[in-house]
Amino acid sequence: MINELKNNFTQTTVGSIIWIAILATIFNFQETTPLHPIWTVIAIGCIFGFIFGVIYPFLWNYSTFKSGINIAISTVLNTIGGTLAVYLFSPTMFNFIKPYIIGIVLLTLIGHTLGFYAYSKMENRKLAAELNQKI
């Protein structure tokens, strides 16, 4: 479990750093890049790596919490991590989305709820097929 979580963290962190570096290159091509934005990109990548590479796999594969608690934890951490990443990337962009944070939380909650129930349905079908094959 620890190795899988570590690998998920590393893959997600590196993927996020590359993705953000590409976006920063595309949208800031006329400026020279000082050292501060590089650390910002690394921090954002670590936030994404922690949430999507460690927290999500742990919550959905290993934890024994009820589904409502998993959905609540996922929603809160996703919203906090996302808004923190936006703030680190651009405080101006954060100020622009700040009035919509309640809507973002609601959309995140709805998305996690729908995602959980779709994933549960898919897993139940897969388990039922495995059990039917064994019978």
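The figures here come from the full heavy-atom set of this structure, side chains too, leaving out hydrogens, waters and symmetry mates.
Clustering ILVMFWY residues whenever any of their side-chain heavy atoms sit less than 4.5 angstrom apart, transitively, puts Val76 in a cluster other than the one holding Phe58. Neither Ile80 nor Val86 shares a network with the other; the hydrophobic side chains, linked directly or stepwise wherever heavy atoms of I, L, V, M, F, W or Y lie under 4.5 Å apart, form separate groups for each.
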N/O donor-acceptor pairs under 3.5 Å from side chains in residues 96-110, not counting sequence neighbours:
from, atom 1, to, atom 2, distance (Å)
Thr108, OG1, Ile104, O, 2.7

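Between the CG atom of Leu127 and the CG atom of Asn132 there is a distance of 11.0 Å, given to the nearest 0.5 Å. Expressed to the nearest 0.5 Å, how far CD1 of Ile47 lies from CG of Leu84 amounts to 4.0 Å. Atom CG of residue Asn70 and atom OG1 of residue Thr113 lie 11.5 Å apart, to the nearest 0.5 angstrom. Expressed to the nearest 0.5 Å, how far OG1 of Thr79 lies from NE2 of His112 amounts to 7.5 Å.
Contact between Gly53 and Asn8 at its shortest, heavy atoms only, is O-CB, 2.7 Å. Of all heavy-atom pairs between Phe9 and Val54, the closest is CB-CG2, 3.5 Å. Taking all atoms of both residues into account, the shortest heavy-atom contact from Gly45 to Ser16 is CA-CB, 3.9 Å. Here the closest non-hydrogen pair linking Tyr119 and Asn61 is OH-OD1, 3.8 Å. Closest non-hydrogen pair, Tyr117 versus Ser67, comes out as OH-OG, 4.2 Å. Taking all atoms of both residues into account, the shortest heavy-atom contact from Tyr56 to Ser74 is OH-O, 3.8 Å.
The side chain to side chain contact (heavy atoms under 4.5 Å, CB included) test with Ile71 singles out one residue from Ile73, Ile69, Thr75, and that residue is Thr75.
Other residues, nucleotides and ligands contribute more than 12 heavy atoms inside 6.0 Å of the CZ atom of Phe116. Counting non-hydrogen atoms of other residues, nucleotides and ligands closer than 6.0 Å to OH of Tyr87 gives a total of 12 or fewer.
Applying the salt bridge (Lys or Arg N to Asp or Glu O under 4.0 Å) rule to Lys126 yields the partners Glu123; only residues at least two apart in sequence or on another chain are considered.
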Intermediate values then yes/no, side-chain contact (heavy atoms from CB on, under 4.5 Å), Phe52 and Asn78: CA-CA 9 Å; Phe52 298 115; Asn78 187 288; 3.5 Å; yes
